[in-house]
Amino acid sequence: GKIMAIFAKFEKAFNQGNATKAAECFHEDIQMIMHSDGSSLGKQDWIDRVGPMLGKLKRDKVRCLYENDDILVTHFFGTFPNGSQDAVMWVGLKKDGLIYRVETGSTPL
């Protein structure tokens, strides 16, 4: 059968401020590569780091540019708790219908 699009499920959980539910979109072996320093976050790392920011990170014009069973490409404008604003390209590679590798590109506005 058709694998359900992850974008809508992730967005719903993220917008509800539920990092644990959002992380259900991630494969157990996820590697989230941080563009800032090249480090990699696992699933629990992401929940621990992003969870507390969910109510504070403002995202505007979140768009799914492309999604199929292999990849999800999204773009948004983020305003961070420190006031900085970035345009963010968020790319998730998919395996078994879940996101297993994420890389982001961020451009300060």
Side-chain angles (χ1 to χ4, degrees):
K2 181 80 181 89
I3 293 174
M4 187 191 130
I6 288 267
F7 178 73
K9 183 179 175 184
F10 183 83
E11 279 304 301
K12 183 177 177 190
F14 198 98
N15 290 333
Q16 289 171 343
N18 191 333
T20 304
K21 190 143 187 68
E24 288 175 7
C25 298
F26 299 153
H27 203 278
E28 284 306 312
D29 306 327
I30 187 165
Q31 281 192 304
M32 188 158 302
I33 313 303
M34 305 306 290
H35 62 262
S36 51
D37 59 8
S39 65
S40 173
L41 298 184
K43 194 171 188 171
Q44 191 59 49
D45 299 326
W46 185 86
I47 293 170
D48 294 343
R49 187 186 287 198
V50 177
M53 279 180 56
L54 280 187
K56 305 179 186 87
L57 169 62
K58 186 169 179 287
R59 296 178 314 145
D60 293 302
K61 298 183 182 154
V62 182
R63 295 179 297 148
C64 174
L65 302 183
Y66 185 78
E67 182 173 12
N68 66 15
D69 287 347
D70 300 314
I71 192 167
L72 168 62
V73 182
T74 70
H75 189 273
F76 64 89
F77 295 97
T79 304
F80 296 88
N82 66 6
S84 68
Q85 289 188 303
D86 287 13
V88 180
M89 180 78 72
W90 193 98
V91 179
L93 300 180
K94 294 161 72 176
K95 176 168 61 180
D96 307 324
L98 297 170
I99 296 165
Y100 76 92
R101 184 178 173 93
V102 173
E103 298 212 30
T104 59
S106 187
T107 305
L109 297 175

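Hydrogens, waters and symmetry mates play no part in the numbers below; they use all other heavy atoms, side chains included. Values in this document were obtained by computation on a predicted structure and should not be read as measured data.
- Between the CD atom in Glu28 and the CG atom in Asp96 there is a gap of 11.5 Å [rounded to 0.5 Å].
- Within a 6.0 Å radius of NZ in Lys43, more than 12 heavy atoms belonging to other residues, nucleotides or ligands are found.
- At a threshold of 4.5 Å between side-chain heavy atoms, the hydrophobic network of Ile, Leu, Val, Met, Phe, Trp and Tyr places Ile6 and Phe76 in one connected group.
- Taking a 6.0 Å sphere around NZ of Lys12, one finds it holds 12 or fewer heavy atoms contributed by other residues, nucleotides or ligands.
- Asn82 contributes a side-chain N or O that, together with a main-chain N or O of Ser84, makes up a donor-acceptor pair within less than 3.5 Å.
- Between Lys94 and Asp70, every side-chain heavy-atom pair lies at or beyond the 4.5 Å cut-off.
- By the criterion of side-chain heavy atoms lying less than 4.5 angstrom apart, applied directly or through intervening Ile, Leu, Val, Met, Phe, Trp or Tyr residues, Val91 is not grouped with Val50; the two fall into different hydrophobic clusters.
- Using a 4.5 Å heavy-atom threshold, the side chains of Phe80 and Leu57 count as touching.
- Minimum heavy-atom separation, Glu103 to Arg101: OE2-NH2, 2.9 Å.
- Residues Phe7 and Leu54 share a single hydrophobic cluster, defined by chaining ILVMFWY side chains whose heavy atoms lie under 4.5 Å apart.
- To the nearest 0.5 angstrom, Ser39 atom OG is 11.0 Å from Gln31 atom CD.
- Tracing side-chain contacts under 4.5 Å through hydrophobic residues (I, L, V, M, F, W, Y), one never reaches Met53 starting from Ile33; they form parts of separate clusters.
- In this structure a side-chain-to-backbone donor-acceptor pair under 3.5 Å is missing from Asp86 to Val88.
- Taking all atoms of both residues into account, the shortest heavy-atom contact from Asp60 to Lys58 is OD2-NZ, 2.9 Å.
- Using a 4.5 Å cut-off between side-chain heavy atoms of Ile, Leu, Val, Met, Phe, Trp and Tyr, with links allowed through other members, Tyr66 and Trp90 fall into different hydrophobic clusters.
- Inter-residue side-chain proximity for Trp46 and Ile30 is flagged as unmet; no heavy-atom pair is nearer than 4.5 Å.
- Rounding to the nearest 0.5 Å gives a distance of 10.0 Å between CE of Met34 and CG of Asp45.
- In terms of heavy atoms, Gly51 sits closest to Ala19 at CA-CB, 3.6 Å.
- To the nearest 0.5 angstrom, Phe26 atom CZ is 9.5 Å from Leu41 atom CG.
- The two residues Val73 and Met89 make their nearest non-hydrogen contact at CG1-SD, 3.7 Å.
- Nearest heavy-atom pair, His75 versus Leu65, reported as atom, atom and distance to 0.1 Å: CB-CD1, 4.0 Å.
- Relative orientation of the Phe10 and Phe14 rings is tilted, given thresholds of 30° and 60° on the angle between their planes.
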